[in-house]
Amino acid sequence: MSRGGGALLRLEGVTKSFGTTPVLRGIDLAIARAEFLTLLGPSGCGKTTTLRLIAGFETPDAGRLLLEGRDLAGLPPYKRDVHTVFQHYALFPHYDIFENVAFGLRVRRLPQDEVAARVREALALVKLSGFERRLPASLSGGQMQRIALARALVCRPALLLLDEPLGALDLKLRKEMQLELKSLQRKIGVTFVYVTHDQEEAMTMSDRIAVFNHGRLEQLGSPAEIYERPRTAFVADFIGAANVLTAQEASGLFCGRLKGEGPVAIRPERIAVRYHQNGGPAEGTLRLNARLLDNVFLGNSNQIFVEALGGAGKRLMALSMDGEHRQPRAPGSPLWLDIAAKDILALDA
Amino acid sequence: MSAYIAAFYAFLYAPLAVMFVFSFNDARRNVAWKGFTLKWYAQLWRDGELLRSLATSLELALVAAAIATLLGLLASYALARHPKFRGRQGCSALLSVPLMMPEIVMGVGLLSLFSRARVPLNFWTLACAHAMIALPYTASAIRARLLSLKDSRLEDAAMDLGATEWQAFRKITLPLARPAIVAGALLAFTVSFEDFVTSFFIAGIGIVTLPIKIYSMMKFGVTPEINALACCLLLATVALLALRQRLLSGAQERAADAADRALEGAARQAAEPA
């Protein structure tokens, strides 16, 4: 859905360094219309710089940014049809809520009645009607966040950039706002480019996720694609939990029973832990001998740490919701791990 | 402990108290208390030369404060807004060096500059000199405020929403920096008003500022008129200080402070899980 001429924003070979530190090392990315795209990665991976490049606060060293086919080079932030929700909201403390939301309309010199109507509409959209005459300082973090959103959306941008907008909220509120943001985005159909380091947040909201690491785009795909077919060890490890085995560990553990020769990843919930041999493994399933190291009860599931025999002491983690694992067993107990061949995910070397 | 504090404040304020008391003393000499009178204050009002020097000083301080505030605002805006230009660090340091400079050095320097450049010494040269002395005060006061505003990314937000740099400056930066600008202007006014050394060096013939006038009056000893005059200045200074305090704790500043606190809180929260 990102290919072809339908892309709203296109990044082509974008690089950026601060001093001698490369921050982006050639980013190619196409963002589709009405898409919710998340730039995900650890701090310092270049995701916020990408956002600032799109907004116009930074200029790329090389490469192009095309918004609706038009090169953004040389356009200052105020000439781009792109608005940002900043991490700490950046509400104007000396204006009341009405004037904060009206700001973008006022600088465009829209007539007063249109300003009033659109501000009312935007406040209703974020469910803060009646807050017009309050000052930003009197709002809670969640309310400030909504006002920042209303202030950006009231100008009807082609593209909305969100820079970790939920980072300052507590966990419970963050979860609520995630779902609210997603449904709001669906309702108004504006393209969102969302930056976060929280993989769960990215999974919850995004149509597609772009995983960044060390200034490179590691993988781009839907949450399911990223989770089920991670391309690199970094992606497998960063999105959800994974047992990542180097090429050497994999060949040692599976003794040539694998097709490929590179590193692999195995999701913990894809490892079935058995305490009895019960004949052989099922068709298409590989079996490993192992012994128990630790078993952690998590409420709805058990996290089982094991050491595979013949794997040079490689520790693996399995996750099971099976009640069988609730009963305590002595560390060192022998057990067997069944892993379907299709769940052993081949990674790029 | 309380005795120590009493002694401390006595040390700090004794000269002012003596001056205050003797300005009401009904005697020509400041030696003994002869009774209460307001005649020295009345006499001040009839002293034409003194009033002229007061007017000169006020005009001078107004002009100097205006120049120093405008230049200080522009300089600190440039220093705060554009972090990348070469030599910014040096520029910031050079901004505050004149604060430490003995004023007599500045006086000599200005005098030789003006005489070398054959600039006639008049009211405007003196006003420029005063503005120059006051400039580091205004620039550093305004710069501190602008830097804290820059951290909150409000100008970025304004430009992101479609405001040009000028609109962002006028609608966001200027109103939020106004308390610091006014405080800087008041400081510049005071610096100019009380300046003696520089004025003494480069005041042309015929320009008598109030401090110079007082100095010439003192040649005949400390008279009660001088005490009375000093008391008036003292009251004006206190009034100015109170005004500055009011401005700094004004509504806008309170709102800005609250926003600063909110930002700090948000930053702390953001830092915690990491």
Side-chain angles (χ1 to χ4, degrees), chain A residues 18-19 42-43 52 54-57 76-96 99-110 135-141 144-145 148 151-152 154-155 157 160-161 163-164 166-171 174 197-198, chain B residues 81-84 86 88 145-146 148-182 247 249-274:
Chain A
F18 291 124
S43 54
R52 291 179 61 80
I54 300 172
F57 294 117
Y78 51 87
K79 286 191 182 155
R80 299 184 180 203
D81 194 9
V82 170
H83 294 323
T84 309
V85 175
F86 290 86
Q87 191 166 12
H88 296 305
Y89 324 130
L91 298 183
F92 307 130
H94 56 308
Y95 286 144
D96 62 17
E99 286 303 325
N100 261 281
V101 176
F103 187 87
L105 307 174
R106 293 250 192 258
V107 295
R108 287 175 177 77
R109 303 186 196 289
L110 293 184
L135 280 175
S138 70
L139 302 190
S140 71
M144 285 201 252
Q145 204 278 326
R151 183 177 70 175
V154 80
C155 306
L160 188 70
L161 307 174
D163 184 9
E164 308 222 11
L166 307 182
L169 305 180
D170 63 60
L171 187 64
R174 197 152 73 214
H197 62 266
D198 181 341
Chain B
R81 276 287 302 170
H82 301 290
K84 278 167 204 154
R86 277 179 27 208
R88 186 186 77 112
R145 182 74 187 137
L146 289 183
S148 78
L149 282 178
K150 183 184 165 62
D151 288 340
S152 59
R153 297 208 174 285
L154 295 178
E155 268 195 26
D156 277 0
M159 282 196 275
D160 184 80
L161 288 166
T164 61
E165 281 192 56
W166 167 244
Q167 282 174 318
F169 177 74
R170 195 166 50 81
K171 285 171 169 274
I172 307 298
T173 310
L174 200 56
L176 288 172
R178 188 175 294 140
I181 294 170
V182 175
L247 280 167
S249 60
Q252 278 184 358
E253 184 71 4
R254 271 202 303 278
D257 277 355
D260 289 349
R261 275 199 304 281
L263 285 175
E264 278 165 27
R268 254 200 314 282
Q269 274 185 8
E272 268 161 16

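Chain A is the first sequence line, chain B the second, and so forth, proteins listed ahead of strands; every chain is numbered from 1. From a predicted model like this one, the values you see are computed outputs, not experimental measurements.
Neither the backbone nor the side chain of V154(A) has a heavy atom closer than 4.5 Å to any heavy atom of chain B. Neither the backbone nor the side chain of A168(B) comes within contact range of chain A; no heavy atom of the residue lies under 4.5 Å from a heavy atom of that chain.
Checked against salt bridge (Lys or Arg N to Asp or Glu O under 4.0 Å), R52(A) has the following partners two or more places apart in sequence or in another chain: E58(A), D156(B).
Ranked by heavy-atom pairs under 4.5 Å with chain B, the list R106(A), R80(A), R108(A) is led by R108(A).
Here the side chain of H94(A) pairs a donor or acceptor atom with the backbone of K171(B) at under 3.5 angstrom.
Residues F103(A) and A163(B) share a closest heavy-atom pair of CE2-CB, 3.8 Å. Considering all non-hydrogen atoms of both residues, G162(B) and Y78(A) come closest at C-CB, 3.4 Å. Contact record, R153(B) with F86(A): CD-CD2, 4.3 Å, taken as the closest heavy-atom pair.
Inter-residue side-chain proximity for L154(B) and P93(A) is flagged as met; some heavy-atom pair is nearer than 4.5 Å.
Within the model, atoms CG of D160(B) and CZ of F57(A) stand 4.5 Å from one another, a figure rounded to the nearest 0.5 Å.
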